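See structure below.
Position 1 is the first residue of the sequence, and the numbers go up from there. Keep in mind the model is a prediction, meaning the values are calculated, not measured. In what follows, every heavy atom counts, from backbone to side chain, and hydrogens, waters and symmetry copies are set aside.
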Amino acid sequence: MPDQSIGRLAVVGQGYVGLPVAMRAVEIGFEVVGFDLDKDRVELLRRASTFVDDVSDAQIELALSSGRYVATGDPEELAGFDVAVVCVPTPLRDGAPDVGCIEEAGRMIARHISPGCCVVLESTTYPGTTEDVLVPILEAGSGLRAGSDFHVGYSPERIDPSNRTWHFENTPKIVSGIDAESLRVVREFYDSLVDRTFAVPGTREAELAKLLENTFRHVNIGLINELAVYTHGLGVDVWSVIDAAATKPFGFMRFEPGPGVGGHCLPIDPSYLSWQVKRSLGQAFRFVDLANAVNDHMPEHVVTRAVECLNAHRKAVNGSRVLLIGLAYKSNSGDARNSPAVAVARLLDKLGARLSAIDPLVDPAAVPTYVEMVGCEQEHLDGADLVIVLTDHDVINWDLVAQRSDCVLDTRNRLRAGNAERL
């Protein structure tokens with residue numbers, strides 16, 4: 001690790017996207033200021049305590065001990081940056097994108113812009129945000145001109161929490177700029193962080209590429225989820241169908257059904273695209289709308305199947321002890337944002353089920369109060385009227401689950417045999 005700083009980087013937002021950027025930048029020699037409005041998050045970082053699946057306590061401790069990483073909630077500490085990267089949330093509000101956090105980040109950064117510096121937006125958003133929303137704020141707050149005085153670009157995040165194959169460094173990074181010189185500077189910066197960059201003509205193309213990536217996944221998951229609903233009614237095993245189709249070496253890509261979609265990206269990003277098409281062209285993006293309808297309905301389908309499983313054992317949902325395995329939105333992650341497993345729990349609670357859950361990765365603070373968190377132990381499996389597999393973490397003792405559960409609904413095909421009903 002270099003002893004001298006190779007530049008000063010400000011990363012606005014220290015969550016699932018911003019923290020990996022900050023850690024990688026420290027590793028290669030940048031002096032990094034990690035800014036976040038969440039005081040608790042800043043305090044955790046200062047104690048070298050992680051809350052992100054892909055960043056360890058040891059990485060944060062190493063960054064702090066290097067003297068080149070500071071976690072702060074003070075905007076004044078952003079001063080003097082060479083590059084600023086914006087990694088803030090972009091939620092939906094009443095079906096429309098909320099870019100308020102981008103606007104606020106722009107106002108904070110603008111006060112510290114100096115000639116020759118570079119600002120990059122990584123937050124997922126609709127095409128035009130960088131040039132139509134962020135740039136005017138940066139220019140108004142700095143008194144300088146984007147392009148001629150400082151550089152601006154967009155590089156969409158591609159973080160896939162808990163992915164053991166593709167991580168920040170080896171995932172190709174899309175880069176763009178508002179002009180040729182901005183693109184050069186943005187690409188030079190990311191070339192120092194990752195193995196490969198891919199330049200696109202402009203920021204709108206980069207913004208739309210991110211939405212296309214997630215819309216592609218969302219639509220294909222919706223297709224498989226709807227197929228799973230119908231194949232069950234037809235008495236066909238959807239998993240066997242997928243296994244068979246996946247033997248084709250061309251023209252098919254494997255997607256699997258589940259209890260729905262979660263995290264920050266899939267439940268939100270395709271709706272950004274649908275909203276932009278509707279606003280700009282006055283037309284509906286029908287594939288997105290249909291995928292939303294199918295995937296949003298999957299927790300209800302899981303509960304319908306749960307009712308069927310209990311009925312087969314002459315039991316009602318009301319008063320039954322239902323054990324949920326996994327509350328995160330994906331396997332081997334502690335991220336429960338927009339998790340369909342939590343949606344399933346909410347629906348079962350309304351029907352009167354007595355709920356417990358096994359998930360050693362999810363922060364108990366993110367778990368609804370009506371769900372009792374328990375360990376993967378024989379007594380909890382023996383005592384359940386129904387076990388529902390919602391997230392297939394590798395740390396779960398699946399052999400014990402298979403041996404000690406009399407009534408199982410497996411939405412992830414983890415058990416693959418025995419007495420488990422599948423989605």
Side-chain angles (χ1 to χ4, degrees), residues 1-39 41-52 54-88 105-123 134 138 141-142 144 149-155 157 159 167-169 173 175 177 181-182 184-195 197:
M1 184 181 293
D3 293 328
Q4 300 297 320
S5 168
I6 59 175
R8 183 173 173 83
L9 171 66
V11 183
V12 181
Q14 290 292 271
Y16 283 83
V17 176
L19 189 57
V21 173
M23 293 298 101
R24 175 59 177 159
V26 172
E27 181 182 341
I28 67 167
F30 275 92
E31 176 188 338
V32 180
V33 176
F35 175 87
D36 205 288
L37 289 173
D38 188 327
K39 295 179 180 179
R41 180 174 288 182
V42 169
E43 185 56 35
L44 283 171
L45 290 172
R46 288 173 174 172
R47 298 201 307 264
S49 181
T50 191
F51 42 84
V52 172
D54 298 324
V55 175
S56 67
D57 290 348
Q59 284 178 281
I60 301 173
E61 175 62 36
L62 189 61
L64 290 168
S65 64
S66 74
R68 294 199 306 275
Y69 176 67
V70 175
T72 183
D74 181 3
E76 295 307 310
E77 293 199 49
L78 298 172
F81 68 81
D82 300 296
V83 179
V85 177
V86 177
C87 309
V88 295
R107 285 189 285 269
M108 286 190 296
I109 291 170
R111 300 198 301 269
H112 305 294
I113 286 177
S114 58
C117 75
C118 180
V119 178
V120 186
L121 178 61
E122 283 209 11
S123 304
L134 182 59
L138 298 177
S142 67
L144 301 174
D149 297 323
F150 63 97
H151 312 292
V152 181
Y154 181 80
S155 179
E157 60 90 3
I159 299 295
H167 44 81
F168 180 77
E169 293 106 286
K173 198 84 166 72
V175 292
E181 184 61 14
S182 289
R184 184 192 67 77
V185 173
V186 171
R187 188 167 201 173
E188 182 178 85
F189 167 67
Y190 283 108
D191 277 340
S192 70
L193 300 184
V194 301
D195 295 343
T197 57

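Atoms SG and CZ, from Cys118 and Phe189 in turn, are 8.0 Å apart once rounded to the nearest 0.5 Å. Here the straight-line distance linking atom CZ of Arg24 with atom CG of Leu19 works out to 14.5 Å at 0.5 Å rounding. To the nearest 0.5 Å, the span separating CG on Leu44 from CZ on Arg46 amounts to 11.0 Å. Note that the CD atom of Glu31 and the CD1 atom of Ile6 stand 11.5 Å from one another [nearest 0.5 Å].
In this structure, the side chains of Ser123 and Val88 come closer than 4.5 Å at one or more pairs of heavy atoms. In this structure the side chain of Arg68 never reaches within 4.5 angstrom of the side chain of Val32, judged on heavy atoms. Side chains of Arg8 and Val33 form a contact here, defined as non-hydrogen atoms less than 4.5 Å apart. When side chains are defined from C-beta on, Glu61 counts as touching Ser65, because their heavy atoms get closer than 4.5 Å. Using a 4.5 Å heavy-atom cutoff, the side chains of Glu77 and Phe35 are not in contact. Using a 4.5 Å heavy-atom threshold, the side chains of Phe81 and Ile113 count as touching. The side-chain heavy atoms of Ser49 and Ile60, taken from C-beta on, include no pair separated by under 4.5 Å.
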Before giving the answer on side-chain contact (heavy atoms from CB on, under 4.5 Å), spell out for Asp82 and Phe30 the whole-Å C-alpha distance, their side-chain angles and the decisive distance to 0.1 Å.
-> CA-CA 10 Å; Asp82 300 296; Phe30 275 92; 5.9 Å; no
Carefully, step by step, assess Arg184 and Glu188 under the rule salt bridge (Lys or Arg N to Asp or Glu O under 4.0 Å).
-> CA-CA 6 Å; Arg184 184 192 67 77; Glu188 182 178 85; 3.6 Å; yes
Give the intermediate values and the outcome of side-chain contact (heavy atoms from CB on, under 4.5 Å) for residues Asp36 and Leu45.
-> CA-CA 10 Å; Asp36 205 288; Leu45 290 172; 5.9 Å; no
Could you give me the CA-CA distance, side-chain angles and deciding distance for Tyr190 and Val83, then say whether side-chain contact (heavy atoms from CB on, under 4.5 Å) is met?
-> CA-CA 11 Å; Tyr190 283 108; Val83 179; over 6 Å; no
Test log, rule side-chain contact (heavy atoms from CB on, under 4.5 Å), inputs Arg187 and Lys173 | CA-CA 9 Å; Arg187 188 167 201 173; Lys173 198 84 166 72; over 6 Å; no
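With hydrogens and angles ignored, the 3.5 Å screen pairs no side-chain donor or acceptor of Thr197 with any backbone N or O of Asp191. Side chain of Ser182 to backbone of Gly153: no donor-acceptor contact under 3.5 angstrom is found.
One finds no salt bridge joining Glu43 and Lys39 here, because no Lys/Arg side-chain nitrogen approaches an Asp/Glu carboxylate oxygen to under 4.0 Å.
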